Novice: 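Just passing along the structure, written as structure tokens.
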2 protein chains.
Amino acid sequence: MGVTIHDVARAAGVSVASASRALSGRRKVGADVAERVARAVAELGYRPNAVAKALRDRTTGTIGMVVPGIGNPFFTMIVEAVEHQLQRTGVDLLLCASQYTPEVEASRLETLMARRVDGLIISPCDMEGSVPAVLNAARQVPLVQVDRYIEDGGADWVGVDDAQALTLAVDHVVAGGARSVVFVGSRLVNSSARLRLDGFERAAARAGVSVRPPLLGDFTLGWGVEAGRLLLAEDSLPDAVICGNDEIAIGLLRALRLGGVRVPTEVSVVGFDDVGYAAMCDPPLTTVRQPVEAIAAEALRLLGQVRMDDPRPAQRIAIAPRLVVRETSRPVEGVSRDRGAAGAGSTPAGDPT
Amino acid sequence: MGVTIHDVARAAGVSVASASRALSGRRKVGADVAERVARAVAELGYRPNAVAKALRDRTTGTIGMVVPGIGNPFFTMIVEAVEHQLQRTGVDLLLCASQYTPEVEASRLETLMARRVDGLIISPCDMEGSVPAVLNAARQVPLVQVDRYIEDGGADWVGVDDAQALTLAVDHVVAGGARSVVFVGSRLVNSSARLRLDGFERAAARAGVSVRPPLLGDFTLGWGVEAGRLLLAEDSLPDAVICGNDEIAIGLLRALRLGGVRVPTEVSVVGFDDVGYAAMCDPPLTTVRQPVEAIAAEALRLLGQVRMDDPRPAQRIAIAPRLVVRETSRPVEGVSRDRGAAGAGSTPAGDPT
DNA sequence: CTGAAAGCGCTAACAT
DNA sequence: ATGTTAGCGCTTTCAG
């Protein structure tokens, strides 16, 4: 620690300007200068100070990302996708969790801006509560929302096309013979919850099937099992249940099994997201896959486009999802099941603890 | 963007020094000065530039963390714990994933150091391959390893007491009547894998039970189901199988169920980590819980202690785990099962997608 | 092609 | 109590 470009310049017998030029390679330097600087760097173990560079350049090569919670597999997927897209960019990611709380979300945004991130990617935790902080941040620095958005239309957004996703899900179970369907999702506190319920209702109406009143809780396993019990307690089961995310679906599956209900023979279940576990649960879950890589790529592209000076209208980009048919839905002629569902090695790997 | 402390000083009609003092509150200022500065700040929407402060202070208020992969629930737990401990500290976390690859790990460490993080927390991905990068980093900045460590003893470490953990697991199944046990874990490429196998073998020997050759793959669901099939293919099943982590255990459970084996009636299964899903799988998993909060707290404490000038010997701190008895192991007199296992709302919540 | 010097925004001596 | 100023490490005009 502590060897600066001055030390390098002195050791190489050149000016700091030359050392800097040699280091960055962005300007011509004599061959001998380059040579001697390189040697000095190696000998002294010089490491450029990114902080000083950032101060000088007024840009940090860093973008901030804030998601509601990193414990949630879906957010983990998006974070990984963003990280993946950033790979060879030289841009680093400053990751924060808002813990589903507008207050900590606002504070995280504040410190990210103090650190002068070059851009911000955020999945706002609360459709209403997040509005001031997000809007305020968007005024200072390029910002794009992913997955969830605030109700105010003041900032760019990219996410999955929820309407299309629900259409895919509903049409699939209907094609499998379902005549009555129910939606199990989240209370309408964030945009995804609302969009998905809407999408479901429209798709069901279009398909002309009977729809039961939706069950709305939160996006957790726990709610999934509770919802399953609620369903079991009713007079009769619907032919299919469409879930707001995979966690709910997996919890539901569990409750149904405990209740002695066979899936998909008696009822079909469809999830949403396609988290890693969906392929490994029992039976493997039919679900709508979120195009996370595409979302990440698009978000980053948008971020690069934003110019704080000429404010162009906010964009909303919805990306088409894909239905992944596995074994919790009744087979449909002409639609083949996703292979690799049942077994080993089909998940991205990972080598924990 | 762009309003500096100079602007504030000018607007308030005071010197930058006074403005700085008023802002930091670290030195006395006249009441009127404080007042006028506060107003100027509010009017101009001043935001201190953390980059400039960092350059001046030679400290960033940031620590870097690098884990093999954020998709793995266990690492996610540690990251959350560290974040949680950092909460009211004003210290921010710079999170990176090494993707289980020493090369990217080295590169992440390099950029973290360029950004002048005040400390580093790392779970090295490879017992051998990570050695040079970790040692090199530890030479520049306070560093502590969590969970995994490099074989060279040159850097601090804090993690779970694997030997004790395996003793807990083995003694528990033996108390439940098991006479033959097998270990399903990971190939010995990282410290945890080795420590856990060792711990298992010692504990089994001490308990005087018959042990079958261990099955070693990786820490994934996929390997768990494969191992389950391998077990099924043998002449007879062991009384109990102890797994290297929960993912393996959950995969194994699935394979056993498909094979028609009843758990825990015919065989007991014990996991390791106690990830959120362990309480929700079927049946709920008996497992050894990692004391992640304690590990995070201890790591941070250690980090604060390290003085780069006086090199004290490296420390290794192993923290005691706790056995969480659920329903994949045969009941033992006097040991009560973990309640809340079967149902709703027992997980930390989370409100995804 | 190379060097001298200014300045990014901030804080801490060092005056006053 | 307040103001002036140097300087953190770097890049980039501007001269030569």
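No experiment lies behind these values; they were computed from the predicted model shown. Within every chain, numbering begins at 1; the chains are lettered A, B, ... in the order of the sequence lines, protein sequences first and strands thereafter.
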Novice: Sequence neighbours left out, what passes salt bridge (Lys or Arg N to Asp or Glu O under 4.0 Å) with A:Arg301? Give chain and number order.
Specialist: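 A:Arg301: salt bridge (Lys or Arg N to Asp or Glu O under 4.0 Å) contacts with A:Glu298.
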Novice: Got a sec, which pairs hit salt bridge (Lys or Arg N to Asp or Glu O under 4.0 Å) with one end in residues 23-35 of chain A, sequence neighbours left out?
Specialist: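 Of all non-adjacent pairs touching residues 23-35 of chain A, those that pass salt bridge (Lys or Arg N to Asp or Glu O under 4.0 Å) are A:Glu35-A:Arg39.
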Novice: Please list, chain by chain and in numerical order, all residues satisfying side-chain contact (heavy atoms from CB on, under 4.5 Å) with B:Glu128, sequence neighbours excluded.
Specialist: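 Testing B:Glu128 for side-chain contact (heavy atoms from CB on, under 4.5 Å), a comparison that skips the adjacent residues, returns B:Asp126, B:Glu151.
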Novice: What pairs meet the ring-ring contact (aromatic ring centres under 6.0 Å, His included) rule with one or both residues in residues 5-35 of chain B, with sequence neighbours excluded?
Specialist: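 Not a single pair qualifies under ring-ring contact (aromatic ring centres under 6.0 Å, His included).
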Novice: Nearest whole Å is fine: how far is D:dC10 P from A:Arg10 CZ?
Specialist: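 One finds 12 Å between P of D:dC10 and CZ of A:Arg10, rounded.
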Novice: Test of understanding: with side-chain hydrogen bond (donor to acceptor under 3.5 Å, both in side chains), list the residues that count as partners of A:Ser15, not counting sequence neighbours.
Specialist: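 A:Ser15: side-chain hydrogen bond (donor to acceptor under 3.5 Å, both in side chains) contacts with A:Ser18.
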Novice: Show me the pairs that pass ring-ring contact (aromatic ring centres under 6.0 Å, His included) and involve residues 117-152 of chain B, at least two apart or across chains.
Specialist: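 Residue pairs with at least one partner in residues 117-152 of chain B: B:Tyr149-B:Trp157.
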Novice: Need the bend value for the helix from C:dC1-D:dG16 to C:dT16-D:dA1: angle between end axes, 5 pairs each end, nearest 10°.
Specialist: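 One end's axis against the other's: 50°.
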Novice: By salt bridge (Lys or Arg N to Asp or Glu O under 4.0 Å), which residues pair with A:Arg88, not counting sequence neighbours?
Specialist: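 Partners of A:Arg88 under the salt bridge (Lys or Arg N to Asp or Glu O under 4.0 Å) test: none.
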Novice: Strictly by salt bridge (Lys or Arg N to Asp or Glu O under 4.0 Å), give each pair with a member in residues 8-25 of chain B just once, sequence neighbours left out.
Specialist: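 Qualifying pairs: B:Asp7-B:Arg10.
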Novice: Between A:Ser15 and C:dT2, does any side-chain N or O lie under 4.0 Å from OP1 or OP2?
Specialist: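 Answer is no, no contact under 4.0 Å.
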Novice: Output the residues of residues 31-42 of chain B in contact with DNA chain C, where contact means a heavy atom of the residue under 4.0 Å from an atom of the strand; sort by number or write none.
Specialist: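 Contacting residues: none.
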Novice: Can you list every pair that meets ring-ring contact (aromatic ring centres under 6.0 Å, His included) and has a residue in residues 18-43 of chain A, with sequence neighbours left out?
Specialist: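 Applying ring-ring contact (aromatic ring centres under 6.0 Å, His included) to every pair that reaches into residues 18-43 of chain A, excluding sequence neighbours, yields nothing.
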Novice: Would you call B:Asp92 and A:Arg115 a salt bridge, taking side-chain N to carboxylate O under 4.0 Å as the test?
Specialist: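 Looking at B:Asp92 and A:Arg115, the cut-off is met.
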Novice: With the criterion being N/O to N/O and under 3.5 Å, what pairs connect the protein with nucleotides 9-12 of chain C, and how long is each?
Specialist:
residue : atom : partner : partner atom : Å
C:dG9   : OP1  : A:Arg58 : NH1          : 3.1
C:dG9   : OP1  : A:Arg58 : NH2          : 2.9
C:dG9   : N2   : B:Ala52 : O            : 3.3
C:dC10  : OP1  : B:Tyr46 : OH           : 2.4
C:dC10  : OP1  : B:Asn49 : N            : 3.1
C:dC10  : OP2  : B:Ile5  : N            : 2.4
C:dT11  : OP2  : B:Ser20 : OG           : 3.0
C:dT11  : O2   : B:Arg56 : NH1          : 2.2
C:dA12  : O4'  : B:Arg56 : NH2          : 2.9

